[in-house]
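Report on one structure; see the data block that follows.
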Amino acid sequence: FFAITAVNLLNPWLNRVLVDDFIESKNPENVLLISFVVVIISLAGVHILAQLLGMIRSRVLVITSNKIIVKLREMVFSKIQMMSISRISKRTAGELMNRVNNDTSQIQNFITGLMPDLVQQSLILISVSVMLFVYDWRLALLILFPAPLVAMSFRKFWNYIGPMYG
């Protein structure tokens with residue numbers, strides 16, 4: 001997660017270098033073609049590296065979540081076997097199996113889908129906020145000041161629109 005976040009933070013910095021040093025250069029005659037090409041190749045390299053790290057992260061998460069799900073299913077099945085017959089007989093075997101499989105697949109979807117994005121987006125938010133405060137604390141405050149207002153507006157909007165889709 002940290003490596004992917006760090007690589008993703010390189011892209012805006014390279015874009016700043018590209019714009020400030022080459023596109024809007026005060027002395028265009030002093031711009032070297034080789035340094036311009038290095039920045040362009042670096043942008044492509046950062047993109048490729050981010051994609052490769054994302055693939056590795058996905059692979060590791062799938063392997064890890066599969067191991068967790070297998071152990072979780074074993075635990076649930078052993079608990080079901082330990083339950084009394086009168087309690088189990090209220091449901092069919094198919095219902096129990098379906099419930100266990102659906103619940104564990106929901107957990108697996110969270111581990112492989114939602115959790116990585118939540119962690120990565122949180123790291124990006126923290127990193128960008130720190131970089132913004134280092135760059136210009138007044139600009140950072142100006143940008144972060146309306147965040148609670150936006151969050152409250154989103155919450156109010158979601159309370160209105162959410163029941164239509166959920």
Side-chain angles (χ1 to χ4, degrees), residues 1-73 75 101-166:
F1 293 113
F2 294 109
I4 294 172
T5 302
V7 168
N8 283 332
L9 290 175
L10 283 175
N11 204 10
W13 179 75
L14 287 171
N15 282 326
R16 183 194 62 82
V17 169
L18 184 65
V19 170
D20 291 349
D21 295 349
F22 298 107
I23 296 175
E24 292 185 359
S25 176
K26 302 219 184 325
N27 300 325
E29 61 276 354
N30 292 341
V31 173
L32 297 174
L33 181 63
I34 189 72
S35 56
F36 178 74
V37 171
V38 166
V39 171
I40 297 296
I41 290 173
S42 298
L43 279 169
V46 164
H47 180 71
I48 291 170
L49 182 61
Q51 294 299 317
L52 289 174
L53 288 173
M55 289 174 17
I56 292 169
R57 180 191 74 176
S58 296
R59 179 88 170 126
V60 168
L61 284 172
V62 165
I63 291 169
T64 305
S65 70
N66 283 340
K67 289 178 182 178
I68 291 171
I69 295 306
V70 166
K71 288 183 182 179
L72 187 61
R73 284 182 179 157
M75 287 173 38
N101 285 331
N102 286 341
D103 290 350
T104 53
S105 65
Q106 289 290 335
I107 293 170
Q108 186 175 23
N109 288 340
F110 172 75
I111 292 171
T112 59
L114 295 175
M115 187 190 66
D117 290 338
L118 178 69
V119 170
Q120 185 175 359
Q121 294 302 318
S122 299
L123 286 172
I124 288 174
L125 177 66
I126 292 167
S127 303
V128 167
S129 298
V130 167
M131 288 175 61
L132 198 54
F133 273 104
V134 168
Y135 183 71
D136 187 357
W137 65 270
R138 293 168 296 198
L139 179 63
L141 288 177
L142 188 64
I143 290 172
L144 295 177
F145 181 70
L149 180 65
V150 170
M152 287 187 297
S153 300
F154 178 76
R155 174 94 173 171
K156 192 171 204 110
F157 177 73
W158 185 253
N159 288 339
Y160 172 74
I161 199 87
M164 293 181 195
Y165 295 100

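Just so it is clear, the structure is predicted and the values come from calculations on it, not from any experiment.
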Reported [atom1]-to-[atom2] distance for the pair [X] and [Y], which is rounded to 0.5 angstrom:
{"X": "S105", "Y": "R73", "atom1": "OG", "atom2": "CZ", "value": "6.5 Å"}
{"X": "I143", "Y": "S129", "atom1": "CD1", "atom2": "OG", "value": "9.0 Å"}
{"X": "L144", "Y": "W137", "atom1": "CG", "atom2": "CH2", "value": "13.0 Å"}
{"X": "L43", "Y": "I48", "atom1": "CG", "atom2": "CD1", "value": "11.0 Å"}
{"X": "T112", "Y": "I107", "atom1": "OG1", "atom2": "CD1", "value": "12.0 Å"}
{"X": "R138", "Y": "L132", "atom1": "CZ", "atom2": "CG", "value": "12.0 Å"}

Give every donor-acceptor pair under 3.5 Å between a side-chain atom in residues 1-10 and any protein atom, sequence neighbours left out.
| unit_1 | atom_1 | unit_2 | atom_2 | d |
| --- | --- | --- | --- | --- |
| T5 | OG1 | F1 | O | 2.8 |
| N8 | ND2 | I4 | O | 3.3 |

* Asked: Does any non-hydrogen side-chain atom of Q108 lie less than 4.5 Å from one of I68?
  -> no
* Student check: side-chain heavy atoms of L18 and I40 closer than 4.5 Å ->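 Answer yes - side chains close enough.
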* Which heavy atom in F110 sits nearest to a heavy atom in P116, and how many Å separate them? ->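 Looking at all heavy atoms of both residues, the shortest contact is O-CD, 4.1 Å.
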* Sort out for me which residue in N66, T64, V60 forms a side-chain contact (heavy atoms from CB on, under 4.5 Å) with V62. =>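 Between V62 and the candidates, side-chain contact (heavy atoms from CB on, under 4.5 Å) is satisfied uniquely by N66.
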* Asked: More than 12 heavy atoms of other residues, nucleotides or ligands under 6.0 Å from CZ of R16: is that the case?
  -> yes
